[in-house]
Amino acid sequence: MKRNIFLIGFMGAGKTTVARALHERCGMQLLEMDEKIEAQEGKSISRIFDEDGEAYFRSLETKLLEELKGRENTVISCGGGVPMRAANVGAMRESGSIVYLSAEPGTICARIRDEHTRPLLEGHMNVAYIEGLLRERLPYYQSAADLSVATDNRSPDEICEAILEALEN
Ligand code: S3P
């Protein structure tokens, strides 16, 4: 197994939850990209988008992934937009396995509909919008992934198990 695991996927696919489960289960270190960026900038993702713009946020993601190249034995929960940039995919490939967590648009919407932490979905929290954005992103997720795991109707533990089993083989 390569030394780090990068969890990619759409907002609400379960990246944060599964990263925590992997951390608890196999003692890997845990890093949540959004959380790290918020701490570095001293403000929420929503405020970064509002005050500094999405392009600035995307440059922070790329910079953070460069810094992560030196990490080992870490499970990294990536922001949902990370695989849209080729440089980000290259940086992840250099230091780990990339696992795509998939979920149906209806599942995603049900999971995150009451949250207000994702500027890209503010005012668009409905299945049709999520479906459209997911369709645009799917080729990027799929081509970046070493492994794809569906999360619909599965517990974090079951997903964890599927990931570990596939990566060990
Ligand atoms: C984004 C996903 C968010 C966060 C930002 C942009 C995206 O992370 O990075 O709001 O472009 O899909 P989560 O996928 O952890 O919600």
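Below, each value reflects all heavy atoms present in this structure, side chains not excepted, and no hydrogens, waters or symmetry copies. Counting from 1, the numbers follow the sequence of the chain as shown. Whatever order the structure lists ligands and atoms in, that order sets their numbers, starting from 1.
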Query raised in the report: Where on Thr16 is there a heavy atom closer than 4.0 Å to ligand 1, on the side chain, on the backbone, on both, or on neither?
Result: neither
Under 4.0 Å from any heavy atom of [X], which atoms of ligand 1 are there?
| X | result |
| --- | --- |
| Leu120 | 7 (C), 11 (O) |
| Pro119 | 10 (O) |
| Gly79 | 8 (O), 9 (O), 14 (O) |

Any N or O on [X] sitting closer than 3.5 Å to an N or O of ligand 1?
| X | answer |
| --- | --- |
| Arg137 | yes |
| Arg118 | yes |
| Cys78 | no |

Would you say the side chains of [X] and [Y] form a donor-acceptor pair under 3.5 Å?
| X | Y | value |
| --- | --- | --- |
| Glu38 | Ser44 | no |
| Arg111 | Thr151 | yes |
| His116 | Glu122 | yes |

Query - Passing option when Val75 is tested against Leu7, Val99, Leu31 for side-chain contact (heavy atoms from CB on, under 4.5 Å) - result: Leu7
Query raised in the report: At what distance is the nearest protein heavy atom to atom 5 (C) of ligand 1, and which residue and atom is it?
Result: Ile45 CG2, 3.9 Å
Requested in this report: Can you pull out the closest protein heavy atom to atom 4 (C) of ligand 1? Residue, atom name and distance to 0.1 Å, please.
Outcome: Asp34 OD2, 3.3 Å
Query raised in the report: Does any N or O in the side chain of Tyr141 come within less than 3.5 Å of the main-chain N or O of Leu101, such that one atom is a donor and the other an acceptor?
Result: no
Report task. May I ask you to say whether Asp52 pairs ionically with Lys43, meaning some side-chain N is under 4.0 Å from a carboxylate O? Result -> yes
Query - Winner among Glu38, Glu61, Glu122, Lys15 once heavy atoms are compared against atom 14 (O) of ligand 1 - result: Lys15
Requested in this report: Can you figure out which of Glu115, Glu32, Met84, Arg58 has its heavy atom closest to atom 6 (C) of ligand 1?
Outcome: Arg58
Query - Spacing of CG belonging to Asp157 relative to CZ belonging to Arg25, to within rounding of 0.5 Å - result: 5.5 Å
Report task. Measure the CE-SG distance between Met33 and Cys78 for me, rounded to the nearest 0.5 Å. Result -> 5.5 Å
